[in-house]
Structures are given as structure tokens and as C-alpha cells.
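First up is the structure itself, then whatever we jot down about it.
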Amino acid sequence: MGLKGFAEGGVASIVAGCSTHPLDLIKVRMQLQGESAPNSAVQRNLRPALAFQNNVSSSAVHAPPPRVGPIAVGARIIQNEGVAALFSGISATVLRQTLYSTTRMGLYDILKQKWTDPETRTMPLTLKLTAGLIAGAIGAAVGNPADVAMVRMQADGRLPPAQRRNYKSVADAISQMVRREGVTALWRGSSLTVNRAMLVTASQLASYDQAKETILAKGLMKDGLGTHVVASFAAGFVAAVASNPVDVIKTRVMNMKVEPGVAPPYAGALDCAVKTVKAEGVMALYKGFIPTISRQGPFTVVLFVTLEQVRKLLKDFDF
């Protein structure tokens, strides 16, 4: 039964991930807005408050970069790179869902079975959150290489042609990273990935279960597609709010170029967070929030609706 939970969660996650991949790509592009040349532009924005500036007004130096919405970002991608660009890095998404989501969904299911009260058939919210934190952490550690590859492949189109990595597939991305940057590059930003995955899994799975149980207990709706959709969107909103700041920092750390003999743009997650906030303001941590919500809602709906269907198909099988 343990393996069955992994299989069900894996299939549902791959379907959901592929279905919402364009929204995830737009989110990544939005999170990287205003980040160009961090070593130079950001450092100029970090001038001491009393420093004299020659022939440059304070407002010009500290003027925030123009922000473009998700529709404009999507339109720009299609115009400049073609419709197919919306699916850049989808092979990495498939691998990421296979590794990360299969692990987290399977572990959460196992913990849920162990910790559910056999008499009441319920599980306290605190235990749901704990199960989500544990499952998310382990899943993220397993899937981090695919996550790094996915972020880079999604972000590649925003770079000038001469600076693009031009990965042909997720396998090519991983092999090039290992060859040029070492094996440790595959786990770049892993602490952020783990933190984000813990937040997403705990908030998404736990809030879905809690919302569904509350709706059914209060008799607001019957158990069916409508209940699943409402609970899914509630779970998606909670997950987006909780994880977006960590997701922005994770995206930038994973996407940064590290060259021999050159100081990296960011020394780590905290350095990236400080530079991002000082250069672009606190709300920069919520860049890509609209597409994040737009993705999390449909992703969660497709995830759980597909999961229920897969469970029906496999209900007579034990493995």
C-alpha cells in the first residue's frame, strides 16, 4: 500500500505539472524581473545614504524597475520566442514531479494512514502540518537537481542569445551543470528548495484535507467535484502566500551564473534576499504572485481530481 500511494501521487503530480507548466514559466520570468546584472546594478542601489552622487539624481539611482504583469510577460514570450517557449523546460518538470512530488505525496499518504485516528477517521491539523513538513523536506532533497534544471531552462529565453545556456533537455542540463560547475551545482539552493517544499506541502496538502473535512462536516457541500475544487483553490491560495518569498529567492539563486575566478552574484540565500529587498523593495519577494496563485489553484485542482481518478483505477490493486 505504501508503493501504491507513491504511484498514485506521482501520476497525478505529473499530469498537474505539465498542465500548468506555462503559468510556472511566466512566474519564473516575473520573479527574475529587475535582476539583470546584480553585481553592478544592485550594488549601485546599495550606495551609502550620505554618499555624494555625481550628475545622477537620487530618484534615478533608486527608481524601481518597471513591473510587467503576467499577461504582458506571456505575450512577450510568445512574440519573441514563439508559443513553444511556454513549454521550455517541460522535460525538467516531468522529472521534478517524478522525483519531488511522487516522494512527498507518497510519504504524506503513509504518514496520514499511520496518524489518522482509527475510530474517528480524522487527523488533527497539527499532525497534518507535521506530515506535510516531513514529506516536503524529503521530496525536495530528492528532486533538487531537476528543480535547478527546470528554473534554468525556463529562464534561458530572457537572456541575450550569446548568454543563453541552450540546454537541449533536462539530461543535457544536468550533465552540463556537473561538467562545468561540479556535482554540488545540482543542489544549489537546496536549503531554499527544502524550505519552500515544506511550506508548500504542509500548507497545500494539510489545508486541502482540512478545508474538505470542514465543508463536509458543516454540510456546505456534498463530497464530489465541487467540494474538491473549492478545497483545492483554498489550498492553492494558502500555499502561494506561504511560499512565494522563498520561491523568489530560490529562483534567483538557482538561476545565477557562477564562473571560475568571478564572485557569484549572491553569496547565499540571505545575501540574495537582502540585495533583492534593498534594490527592489519588500514587495519584490512577491513577484510572480498572480501567476503563482493562478498556477497553484489549477495545479491543486488537477492534482487532486486526477488523484481521485487514479485511486479509483487502482483500488483493486495492492502493491
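Residues Val310 and Leu314 are in side-chain contact: their nearest non-hydrogen atoms beyond the backbone lie under 4.5 Å apart. Residues Met150 and Met254 form no side-chain contact, since every pair of their non-hydrogen atoms from C-beta on lies 4.5 Å or further apart. Under the 4.5 Å side-chain criterion, counting only non-hydrogen atoms from C-beta, Ile14 is in contact with Cys18. For the pair Met153 and Arg165, the minimum side-chain heavy-atom distance is 4.5 Å or more. Contact of the Trp187 side chain with the Val148 side chain is not registered, since no non-hydrogen atoms from C-beta on lie closer than 4.5 Å. Side-chain contact check for Lys27 versus Gln154: every heavy-atom pair is 4.5 Å or farther apart.
Listed by chain and residue number, Glu8, Asp109, Glu308 satisfy the salt bridge (Lys or Arg N to Asp or Glu O under 4.0 Å) test with Arg311 (two or more places apart in sequence, or in another chain). Partners of Tyr286 under the ring pair (Phe, Tyr, Trp, His ring centres under 6.0 Å) rule, at least two apart in sequence or in another chain, are Phe289. Every residue two or more places apart in sequence or in another chain that forms a side chain to side chain contact (heavy atoms under 4.5 Å, CB included) with Leu127 is listed here: Trp115, Met123, Pro124.
Judged by distance alone, with hydrogens and angles left aside, the side-chain atoms of Lys275 form a donor-acceptor pair with the main-chain N or O of Pro265 at under 3.5 Å. Remark: the backbone N or O of Leu32 is paired with a side-chain donor or acceptor of Arg158 at under 3.5 angstrom.
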Apply side-chain contact (heavy atoms from CB on, under 4.5 Å) to the pair Phe237 and Ile293, showing each step before the final yes or no.
-> CA-CA 6 Å; Phe237 180 81; Ile293 291 181; 3.9 Å; yes
Evaluate the side chain to side chain donor-acceptor pair (under 3.5 Å) criterion for residues Arg152 and Gln176: first the C-alpha distance (whole Å), next the side-chain angles of each, then the deciding distance (0.1 Å), finally the verdict.
-> CA-CA 12 Å; Arg152 291 189 175 193; Gln176 284 196 42; over 6 Å; no
Would you sort out whether Thr103 and Leu99 count as a side-chain contact (heavy atoms from CB on, under 4.5 Å), showing the intermediate values?
-> CA-CA 6 Å; Thr103 302; Leu99 298 176; 5.5 Å; no
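In terms of hydrophobic clustering, with Ile, Leu, Val, Met, Phe, Trp and Tyr side chains grouped at heavy-atom distances under 4.5 Å, Tyr167 and Leu186 are assigned to a common cluster. Val194 and Leu111 fall into different hydrophobic clusters, defined by Ile, Leu, Val, Met, Phe, Trp and Tyr side-chain heavy atoms under 4.5 Å apart, directly or through other members. A single hydrophobic cluster is seen to contain both Met177 and Val142, as judged by linkage of ILVMFWY side chains at heavy-atom distances under 4.5 Å, directly or through other members. Linking Ile, Leu, Val, Met, Phe, Trp and Tyr residues whenever their side-chain heavy atoms come within less than 4.5 Å leaves Met198 and Leu125 in two separate clusters. No chain of hydrophobic side-chain contacts below 4.5 Å, direct or via other Ile, Leu, Val, Met, Phe, Trp or Tyr residues, connects Val200 to Leu205.
Here salt bridge (Lys or Arg N to Asp or Glu O under 4.0 Å) pairs that include residues 211-231, with residues two or more places apart or in two chains, are Lys128-Glu213. Residues in residues 195-220 take part in these ring-ring contact (aromatic ring centres under 6.0 Å, His included) pairs, two or more places apart or across chains: Tyr208-Phe304.
Considering all non-hydrogen atoms of both residues, Ser203 and Val238 come closest at CB-CG1, 3.7 Å. Here the closest heavy-atom approach between residue Ile290 and residue Pro70 is recorded as CG2-CG, 4.0 Å. Listed here is the closest heavy atom pair of Thr102 and Gly10: OG1-CA, 3.0 Å. Closest non-hydrogen pair, Val253 versus Leu192, comes out as CG2-CD1, 3.9 Å. The minimum heavy-atom distance between Leu303 and Ser13, with the atom names listed, is CD1-OG, 3.5 Å. Contact between Asn255 and Ala155 at its shortest, heavy atoms only, is OD1-CB, 3.4 Å.
The neighbour count for Lys168 NZ, taken as heavy atoms of other residues, nucleotides or ligands under 6.0 Å away, does not exceed 12. The environment of Arg179 atom CZ is dense: over 12 non-hydrogen atoms of other residues, nucleotides or ligands sit within 6.0 angstrom.
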Just list the side-chain donor-acceptor pairs under 3.5 Å for residues 83-91, sequence neighbours left out, or say none.
from  : atom 1 : to     : atom 2 : distance (Å)
Ser88 : OG     : Ala85  : O      : 2.8
Ser91 : OG     : Val170 : N      : 3.2

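With rounding to the nearest 0.5 angstrom, the CZ atom of Arg104 is 15.0 Å from the CD1 atom of Ile134. To the nearest 0.5 Å, atom OG1 of residue Thr193 and atom CG of residue Asp147 are 5.0 Å apart. Once rounded to the nearest 0.5 Å, the distance linking CG of Asn144 with OH of Tyr100 reads 11.0 Å. For the atom pair CG of Asp247 and NZ of Lys287, the computed distance is 14.0 Å after rounding to the nearest 0.5 Å. Atoms OG and CG, from Ser243 and Leu199 in turn, are 7.0 Å apart once rounded to the nearest 0.5 Å. Taken from CZ in Arg196 to OG in Ser191, the straight-line distance is 13.5 Å, to the nearest 0.5 Å.
Note on Arg164 versus Asp156: no salt bridge recorded, every NZ/NE/NH1/NH2 to OD/OE distance being 4.0 Å or above. Ion pairing between Glu81 and Arg29 holds under the 4.0 Å rule for side-chain N and carboxylate O.
A donor-acceptor contact closer than 3.5 angstrom links the side chains of Asn244 and Thr292.
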